[in-house]
*Asks:* 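Sending over a structure as structure tokens; questions will come in a sec.
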Amino acid sequence: MGMYLNCGNEAFRQIRNGTYVDKTGLIDYINQTIDTARSLTCFSRPRRFGKSFAAAMLAAYYDKSCDSGELFDGLEISHRHSYKKYLNAFDVIYLDITWFISVTDDICDVLSVIQRSVIEELREAFPDYVKADETILANAILNVSRRTNEKFFLIIDEWDALFREVKHNDELQKSYLRFLRGLFKGGPSMKSALAGAYMTGILPIKKYGTESALTDFEEYSMTNPDMLSEYVGFTEEEVRDLCLENEVDFEKMKRWYDGYSFEDHGCVYSPDSVMSAVKRKRFRNYWTGSETYESLKSYISMNFDGLKDAIVAMLGGGKIKIEIARFQNDITSFNSKDDVLTLLIHLGYLGYHEKNGQVYIPNLEIAGAFQNAVEGDGWEEIASALASSEDLLQATINEDSAAVETALERVHDLNVSVLQYNDENSLSCAVTLAYYTARNYYTIVREFPSGKGFADLAFIPAPHVDKPALLIELKYNQTADGAIRQIRDRRYDGALQKYTDNLLLVGINYNKNDKGKKHTCIIERFR
């Protein structure tokens with residue numbers, strides 16, 4: 001058993017010893033690719049989404065140096081036809097690129113360190129088949145396979161770490177890609193030496209122009225997870241079970257960590273955050289251990305037309321349509337706001353609806369990350385508006401219409417074009433932004449169906465929150481009084497019957513032609 005060759009199953013055993021959510025169905029998918037033309041899989045997703053756990057699971061399953069049956073018996077994979085066929089069937093080479101970077105004095109030497117370290121272990125295991133002066137890993141693997149008639153399975157964890165650590169060193173990046181091509185594109189002989197491969201990282205495989213640098217890989221990512229979407233994170237059913245077993249409030253869990261929605265499997269939750277909340281019995285932002293607020297700030301402050309407007313619109317609860325195809329899958333090649341927003345999808349800061357091509361802020365945890373990120377140069381006015389949103393909510397609850405009008409004027413006066421609204425939709429964005437921290441206590445629903453019509457905004461209290469429900473009707477160049485009448489005429493209380501003893505009706509009008517105060521507000525208690 002080595003550090004890189006056949007490193008055993010202890011890492012997965014430790015995972016199984018804790019609270020474990022069964023994701024072994026992924027093994028069955030990989031088994032279907034073994035010894036086929038699509039035997040190379042790259043599955044990228046953000047930090048905190050279980051990438052290394054999946055890599056450890058696959059290593060334990062395929063590693064022929066150990067007996068892993070006890071770890072997998074009873075799990076989902078054990079009920080699949082492929083289970084016994086490939087259990088502990090291959091020599092496994094496991095490369096954690098972040099590990100090699102951390103133990104290499106000069107990062108420019110990391111490729112030689114990787115090859116030298118693995119070749120040494122291959123030579124120890126197969127002394128008759130690895131030359132003493134061999135320096136090319138692909139050659140060493142090929143020679144061993146040809147002489148033993150056995151195949152290798154390669155696992156590369158954090159495959160893109162070099163692109164993130166040396167983002168401006170093009171020569172090292174190209175050398176790294178040549179190294180990977182040597183492993184995976186070495187012609188028929190090299191392909192015969194590999195049963196398969198699994199790479200995981202944050203970014204999809206680097207593109208040059210429109211082409212992937214490693215074209216033989218089947219790629220799955222946050223923008224196209226396809227049939228693997230249930231393995232991106234925890235499914236809603238899995239989270240419900242965790243909450244039930246550990247007596248944790250599921251509705252709070254959903255509000256805090258849900259929001260990554262995929263067409264094939266619906267809602268997906270951030271695994272590390274969910275497990276942290278289960279363990280600590282506290283709902284908070286657990287993001288700080290990975291990507292920093294400063295990193296997020298650096299991306300959202302880039303000088304691309306429309307980027308700030310898009311961020312503000314999403315802070316206001318909106319969804320922004322983007323084009324993801326031109327993104328080059330690195331953290332330096334930005335040509336538009338869409339490239340920046342696509343990177344934020346892969347980093348886990350934005351959710352993405354593949355069907356309609358829209359991005360959005362997915363949950364309370366990420367909303368908090370954005371609130372922290374906009375504190376600083378260029379964002380002071382937005383940060384001030386978010387910071388004062390708690391006061392605005394309290395003014396609304398206190399039925400202080402004048403204070404609400406003043407707060408909305410302040411938001412409208414911000415130097416952001418998306419807030420210079422010209423219709424009720426943009427007014428809705430500004431109002432939702434002004435009430436930013438209300439999402440800590442409410443589920444905010446736009447176009448809320450109720451009674452005979454739709455309310456523009458409904459603030460539905462979260463379970464155990466002692467605050468009134470709010471129905472907000474917005475008008476443009478009309479009257480706040482007319483907005484209140486519309487609420488009552490259409491009986492918007494219909495879907496909020498259980499709140500009718502604690503329900504506020506809020507009518508807001510913006511009058512573009514008013515020379516003085518442009519916003520008027522009326523707040524009435526439902527009776």
*Asks:* Quick one: are Phe262 and Glu230 in side-chain contact, heavy atoms under 4.5 Å?
*Replies:* no

*Asks:* Is the backbone N or O of Met222 less than 3.5 Å from a side-chain atom of Arg45, with the two atoms forming a donor-acceptor pair by type?
*Replies:* no

*Asks:* Would you please classify the geometry between the His519 ring and the Tyr510 ring as parallel, tilted or perpendicular, with 30° and 60° separating the classes?
*Replies:*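 Plane angle between 30° and 60°, so tilted.
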
*Asks:* Take Asp330 and Lys167, measure what side chain to side chain contact (heavy atoms under 4.5 Å, CB included) needs, and give me the verdict at the end.
*Replies:* CA-CA 8 Å; Asp330 63 30; Lys167 53 189 175 183; over 6 Å; no

*Asks:* Taking everything shown except Asp305 itself, do over 12 heavy atoms lie less than 6.0 Å from its CG?
*Replies:* no

*Asks:* Looking only at non-hydrogen atoms, find the nearest pair between Cys521 and Val404 and report the distance.
*Replies:* SG-CG1, 3.8 Å

*Asks:* Would the distance check show the side chain of Asn372 and the main-chain N or O of Gly368 forming a donor-acceptor pair, the cut-off being under 3.5 Å?
*Replies:*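 Present.
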
*Asks:* For side chain to side chain contact (heavy atoms under 4.5 Å, CB included), just list the numbers for Val312 and Trp379, CA-CA rounded to whole Å, side-chain angles, deciding distance to a tenth of an Å, and then say yes or no.
*Replies:* CA-CA 10 Å; Val312 171; Trp379 291 91; 4.1 Å; yes

*Asks:* Which label fits Phe250 and Tyr269: parallel for a plane angle under 30°, tilted from 30 to 60°, or perpendicular past 60°?
*Replies:* tilted

*Asks:* To the closest 0.5 Å, what do you measure between CD (Glu524) and CG (Leu471)?
*Replies:*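 So the CD of Glu524 and the CG of Leu471 are separated by 12.5 Å.
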
*Asks:* Would a distance-only check, ignoring hydrogens and angles, find a side-chain to backbone donor-acceptor pair under 3.5 Å from Glu354 to Asn224?
*Replies:* no

*Asks:* Do Phe526 and Tyr499 make the cut of ring centroids closer than 6.0 angstrom?
*Replies:* no

*Asks:* Would a distance-only check, ignoring hydrogens and angles, find a side-chain to backbone donor-acceptor pair under 3.5 Å from Ser389 to Leu386?
*Replies:*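 Yes; judged by distance alone, with no hydrogens or angles, the pair exists.
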
*Asks:* Any idea which heavy atoms bring Lys337 and Phe304 closest together, and the distance?
*Replies:* N-CB, 3.7 Å

*Asks:* Roughly how far, to the nearest 0.5 Å, is the CG atom of Asp338 from the CD1 atom of Ile324?
*Replies:*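 It comes to 10.0 Å.
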
*Asks:* Do Arg525 and Asn502 have side chains that approach each other closer than 4.5 Å (heavy atoms only, starting at C-beta)?
*Replies:* yes

*Asks:* Does atom NZ of Lys355 have more than 12 heavy-atom neighbours, drawn from other residues, nucleotides or ligands, at distances under 6.0 Å?
*Replies:* no

*Asks:* Between the side chains of Tyr29 and Thr41, is a donor N or O closer than 3.5 angstrom to an acceptor N or O?
*Replies:* no

*Asks:* About how many Å separate CG of Leu350 and CD1 of Ile361, when rounded to the nearest 0.5 Å?
*Replies:*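 That separation rounds to 6.5 Å.
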
*Asks:* Ignoring hydrogens, what is the shortest heavy-atom contact between Leu503 and Thr500? Give both atom names and the distance.
*Replies:*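 Minimum heavy-atom separation between Leu503 and Thr500: CB-CA, 4.2 Å.
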
*Asks:* Establish, yes or no, whether the cationic atom of Arg439 lies under 6.0 Å from the six-membered ring centre of Tyr435 and within 45° of the ring axis.
*Replies:*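 No; the conditions do not both hold, so Arg439 does not lie above the ring face of Tyr435.
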
*Asks:* Main chain of Leu203, side chain of Trp159: is a donor-acceptor contact present, judged purely on distance under 3.5 Å?
*Replies:* yes

*Asks:* Measure the CD1-CG distance between Ile523 and Asp400 for me, rounded to the nearest 0.5 Å.
*Replies:*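 Reported value, rounded in 0.5 Å steps: 7.0 Å.
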
*Asks:* Taking atom types as modelled, is there a side-chain donor on Ser273 or Glu365 under 3.5 Å from an acceptor on the other?
*Replies:*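 Yes, Glu365 and Ser273 have a side-chain donor paired with an acceptor closer than 3.5 Å.
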
*Asks:* Looking only at non-hydrogen atoms, find the nearest pair between Ile101 and Glu165 and report the distance.
*Replies:*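 For Ile101 versus Glu165, the nearest heavy atoms are CD1-CG, 3.9 Å.
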
*Asks:* So, do Tyr260 and Phe49 have ring centers that fall under 6.0 Å from each other?
*Replies:*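 They qualify: ring centres under 6.0 Å apart.
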
*Asks:* Given side chains that start at C-beta, do those of Leu470 and Leu393 come closer than 4.5 Å, heavy atoms only?
*Replies:*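 The answer is yes, as the side chains (C-beta and beyond) meet within the 4.5 Å cut-off.
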
*Asks:* Please give me the minimum heavy-atom distance between Ser333 and Lys206, naming the atom from each residue.
*Replies:* OG-NZ, 3.8 Å

*Asks:* Going by atom types only, do Ser428 and Asp456 share a side-chain donor-acceptor pair under 3.5 Å?
*Replies:* no

*Asks:* For a 4.5 angstrom cut-off between non-hydrogen side-chain atoms, does Ile27 reach Arg80?
*Replies:* no

*Asks:* Within a reach of under 6.0 Å around CD of Glu323, are more than 12 heavy atoms found that belong to other residues, nucleotides or ligands?
*Replies:*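 Yes - once you tally the heavy atoms of other residues, nucleotides and ligands closer than 6.0 Å, there are more than 12.
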
*Asks:* Is a side-chain N or O of Gln328 found less than 3.5 angstrom from the main chain of Arg326, in a donor-acceptor match?
*Replies:*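 Side chain of Gln328 to backbone of Arg326, a donor-acceptor pair under 3.5 Å: yes, one is there.
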
*Asks:* With a 4.5 Å heavy-atom cut-off, do Val278 and Thr19 have their side chains touching?
*Replies:*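 The answer is no, as the side chains (C-beta and beyond) never meet within the 4.5 Å cut-off.
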
*Asks:* Walk me through whether Thr520 and Asn511 qualify under side chain to side chain contact (heavy atoms under 4.5 Å, CB included).
*Replies:* CA-CA 8 Å; Thr520 54; Asn511 192 333; over 6 Å; no

*Asks:* Less than 6.0 angstrom from the centroid, inside 45 degrees of the normal: does Lys319 satisfy that with respect to the ring of Tyr360?
*Replies:*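 Output yes; distance and angle both within limits.
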
*Asks:* Quick one: are Tyr441 and Phe459 in side-chain contact, heavy atoms under 4.5 Å?
*Replies:*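 Sidechains of Phe459 and Tyr441: no contact.
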
*Asks:* Are there over 12 heavy-atom neighbours, none belonging to Arg284, within less than 6.0 Å of that residue's CZ?
*Replies:*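 Yes, because the 6.0 Å sphere around CZ of Arg284 holds more than 12 heavy atoms from other groups.
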
*Asks:* I'd like to know if the side chain of Arg16 and the backbone of Leu71 have a donor-acceptor N/O pair within less than 3.5 Å.
*Replies:* yes

*Asks:* I'd like to check Leu341 versus Met314 (side-chain heavy atoms, cut-off strictly below 4.5 Å). Are they in contact?
*Replies:*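 Yes; the side chains approach each other to less than 4.5 Å.
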
*Asks:* Can you find a pair of side-chain heavy atoms, one from Gln32 and one from Arg38, that are under 4.5 Å apart?
*Replies:*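 Heavy-atom side-chain distance check passes, below 4.5 Å.
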
*Asks:* Between His353 and Gln358, do the side chains contain an N or O donor and an N or O acceptor separated by less than 3.5 Å?
*Replies:*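 Side-chain D/A pair, His353 to Gln358: absent.
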
*Asks:* Working to the nearest 0.5 angstrom, can you tell me the gap between Leu505 CG and Glu399 CD?
*Replies:* 9.5 Å

*Asks:* Is Lys254 salt-bridged to Asp258, going by a charged N under 4.0 Å from an acidic O?
*Replies:* yes

*Asks:* Give me the atom names and distance for the closest heavy-atom approach of Thr396 to Leu504.
*Replies:* O-CD1, 3.5 Å

*Asks:* Between Thr98 and Asp157, does the side chain to side chain contact (heavy atoms under 4.5 Å, CB included) criterion hold? Intermediate values first, please.
*Replies:* CA-CA 8 Å; Thr98 57; Asp157 194 12; over 6 Å; no

*Asks:* Verify the neighbour count for atom CG of Asn303: are there more than 12 heavy atoms of other residues, nucleotides or ligands below 6.0 Å?
*Replies:*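 Open.
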
*Asks:* Assess the residue pair Tyr20 and Phe12 against the criterion (ring pair (Phe, Tyr, Trp, His ring centres under 6.0 Å)); give the C-alpha distance rounded to whole Å, side-chain angles, the decisive distance to 0.1 Å, and a yes or no.
*Replies:* CA-CA 10 Å; Tyr20 180 66; Phe12 186 61; 5.7 Å; yes

*Asks:* Could you check whether any side-chain N or O of Gln394 sits under 3.5 Å from a backbone N or O of Glu390, counting only pairs where one atom can act as donor and the other as acceptor?
*Replies:* no

*Asks:* How many angstroms lie between atom CD1 of Ile322 and atom CZ of Phe327, to the nearest 0.5 angstrom?
*Replies:* 10.0 Å

*Asks:* State whether the side chain of Lys252 and the backbone N or O of Arg282 hold a donor-acceptor pair below 3.5 Å, judged by distance alone.
*Replies:* no

*Asks:* What residues form a ring-ring contact (aromatic ring centres under 6.0 Å, His included) with Phe334, not counting sequence neighbours?
*Replies:*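 Here no residue qualifies.
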
*Asks:* Between Asp226 (side chain) and Leu228 (backbone), is there a donor-acceptor pair under 3.5 Å?
*Replies:*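 Here the side-chain-to-backbone pair does not exist.
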
*Asks:* Given Asn329, which of Ser44, Pro204, Ser221 fulfils the side-chain contact (heavy atoms from CB on, under 4.5 Å) condition?
*Replies:*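 Single side-chain contact (heavy atoms from CB on, under 4.5 Å) partner of Asn329 among Ser44, Pro204, Ser221: Pro204.
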
